Amino acid sequence: MHLRSRACANAFGLALLMLATRGASCQVDLSGWPQVRMEVLAVDPDGAPVEGVTADAFAVFDQQKPVSGISLESIHEPQSVCVLIDASDSLGDGLSVVQTKVRRLLKKLPADDEVCLATFSNSIWMAQPLTANHGAALQALAAIKPAGGTKLRDGLIEVASYMRKTARFHSRAIIVFSNGADRRSAASSRELKQELEAEGSPTVHMICLPGAFGHALYKQSDPNRGAAFTLTEVGGGLTYFPHTILDIDAIVDHLPETMRNRYILTYKAQNAARDGHEERIEVSLDKKHPTLGAIIQAPEGYYAPSK
């Protein structure tokens, strides 16, 4: 399993696991404004979490200006996790396979996480609202049936809004199982971006499934590849392209551990105005620390408080 950038993917074909090279909202806490607290992931080229990263290993730029006085802490706290399943007929017979893999994922998630289960097709269905009872989500999984239409953006917006209002834990994530197609959403990509950059919105991880599970690999020209990258760039998470059905098992086995091992990066915003302005940020490893071998996945922006 390897992590590659989009450029490498275009040059060398499909990788099993690809990391979107820029994040978006991820988890941003502005309750102490102008203090900014954000969750970041540090993973190695195989997608495993990297531990022991320190604040001096980070380079942070706010509106293209270097930020000083940052702090970093490692956290392993429970999360609120919603699994969002493509139940549209674009997956063909693949829905039953997806249900099997989601069942495996739900059993791998830490017992103290709260979970929910939702689907999208021509409509959005909350099959199981957030609950500490993972067994309830497993039971709801069996009731999912295929339907027509594909409203991926609408589904993400609805689930993200639901989680901001309802989630028990500050740390939130959506795990999407889909081929990346979106043919019926009313919401635009810009509206989705604004939704996911709202304070408290979840990180989005996507397992991008083949349109037909009989094919071992994506075709290089598959338009859904680009859609998947765009979605996770907006949502600040990881993009996975499994080669085979067995690869999906490897992904769902290691993703919960990667999600569990997170860092909180804290710094003071350079523009402290409470006017709702959009802040653009860049977070990466400092060039002085190349031996860490970590890839940083962090927000690319957020909206400042307006009052």
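If you're wondering where the values come from, they're calculated on a predicted model, not measured in any experiment.
In this structure, OG on Ser188 lies 7.5 Å from CD1 on Ile157, to the nearest 0.5 angstrom. Between the CG atom of Asp182 and the OG atom of Ser189 there is a distance of 8.0 Å, given to the nearest 0.5 Å. Atom-to-atom distance recorded for Thr239:OG1 and Gln297:CD is 8.0 Å, nearest 0.5 angstrom. Rounding to the nearest 0.5 Å places CD of Gln270 at 11.5 Å from CD of Gln64. Atoms NZ and CD1, on Lys108 and Ile251 in that order, are 14.0 Å from each other to the nearest 0.5 Å. Residue Leu152 holds its CG atom at 7.0 Å from CG of Leu84, rounded to the nearest 0.5 Å.
In this structure, Leu117 and Ile85 have side chains that are in contact, with non-hydrogen atoms separated by less than 4.5 Å. Side-chain contact between Ile75 and Tyr263: absent, with no pair of heavy atoms (C-beta onward) separated by less than 4.5 Å. Here the side chains of Val115 and His134 are in contact, with some heavy-atom distance below 4.5 Å. Taking the side chain as every heavy atom from C-beta outward, Leu30 and Val36 approach each other to under 4.5 Å. Side-chain contact between His277 and Asn271 is present, with heavy atoms from C-beta onward closer than 4.5 Å. Residues Asp29 and Gln35 fail the side-chain proximity criterion, which asks for heavy atoms closer than 4.5 Å. For the pair Phe120/Val159, no side-chain contact is recorded, criterion being any heavy-atom separation below 4.5 Å from C-beta on. For the pair Val204 and Val176, the minimum side-chain heavy-atom distance is below 4.5 Å.
Minimum heavy-atom separation, Arg103 to Leu141: N-CD2, 3.6 Å. The shortest non-hydrogen separation linking Pro78 to Asp113 is CA-OD1, 3.4 Å. Contact detail for Ile175 and Ile207: the closest heavy-atom pair is CG2-CD1, 4.4 Å. Between Ile70 and Ala55, the shortest heavy-atom distance links the atoms CD1-O, 3.5 Å. Closest approach of Ala140 to Ala127, counting heavy atoms only: CB-O, 3.7 Å. In terms of heavy-atom proximity, Ile296 sits nearest to Ala42 at CD1-CB, 3.8 Å.
Here the options are Glu158, Glu199, Glu195, the test is salt bridge (charged side-chain N to carboxylate O under 4.0 Å, His left out), and the partner is Arg164; only Glu195 passes. Applying side-chain contact (heavy atoms from CB on, under 4.5 Å) to Phe177 and the options Thr119, Val83, Leu95 leaves one that passes, Val83. Just one of Met259, His205, Met206 meets the side-chain contact (heavy atoms from CB on, under 4.5 Å) condition when paired with Leu238; it is His205.
Between the side chain of Ser185 and the backbone N or O of Asp154 there is at least one donor-acceptor pair closer than 3.5 Å. With Lys151 contributing its side chain and Asn122 its backbone, the two residues share a donor-acceptor pair below 3.5 Å. Under the 3.5 Å distance criterion, the side-chain polar atoms of Gln79 are left unmatched by any main-chain donor or acceptor of Phe169. When atom types are taken as modelled, the side chain of Tyr240 and the backbone of Val252 share no donor-acceptor pair closer than 3.5 angstrom. Asn261 places no side-chain N or O within donor-acceptor distance of the main-chain N or O of Pro49, the cut-off being under 3.5 Å.
Hydrophobic clustering keeps Tyr303 apart from Met38 (ILVMFWY residues linked when any side-chain heavy atoms are closer than 4.5 Å, directly or through intermediates). Residues Ile264 and Tyr302 do not share a hydrophobic cluster, defined by chaining ILVMFWY side chains whose heavy atoms lie under 4.5 Å apart. One hydrophobic cluster holds both Leu72 and Val283 under the rule that ILVMFWY side chains link at heavy-atom gaps under 4.5 Å.
Counting only residues at least two apart or on different chains, no salt bridge (charged side-chain N to carboxylate O under 4.0 Å, His left out) pair has a member in residues 266-276.
Comment: Arg168 does not engage Asp112 in a salt bridge, judged by the lack of any side-chain N to carboxylate O separation of less than 4.0 angstrom. Salt-bridge formation is not detected for the pair Glu279/Lys65: no Lys NZ or Arg NE/NH1/NH2 atom is positioned less than 4.0 Å from an Asp or Glu carboxylate oxygen.
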- [ ] List the steps, then state whether side chain to side chain contact (heavy atoms under 4.5 Å, CB included) holds for Ile245 with Lys101.
- [x] CA-CA 9 Å; Ile245 292 175; Lys101 304 311 176 186; 3.4 Å; yes
Task: Residue pair Glu39, Ser171: steps toward the side chain to side chain donor-acceptor pair (under 3.5 Å) verdict - done: CA-CA 8 Å; Glu39 287 191 8; Ser171 183; 2.9 Å; yes
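No side-chain N or O of Thr131 forms a donor-acceptor pair with one of Asn133 less than 3.5 Å apart.
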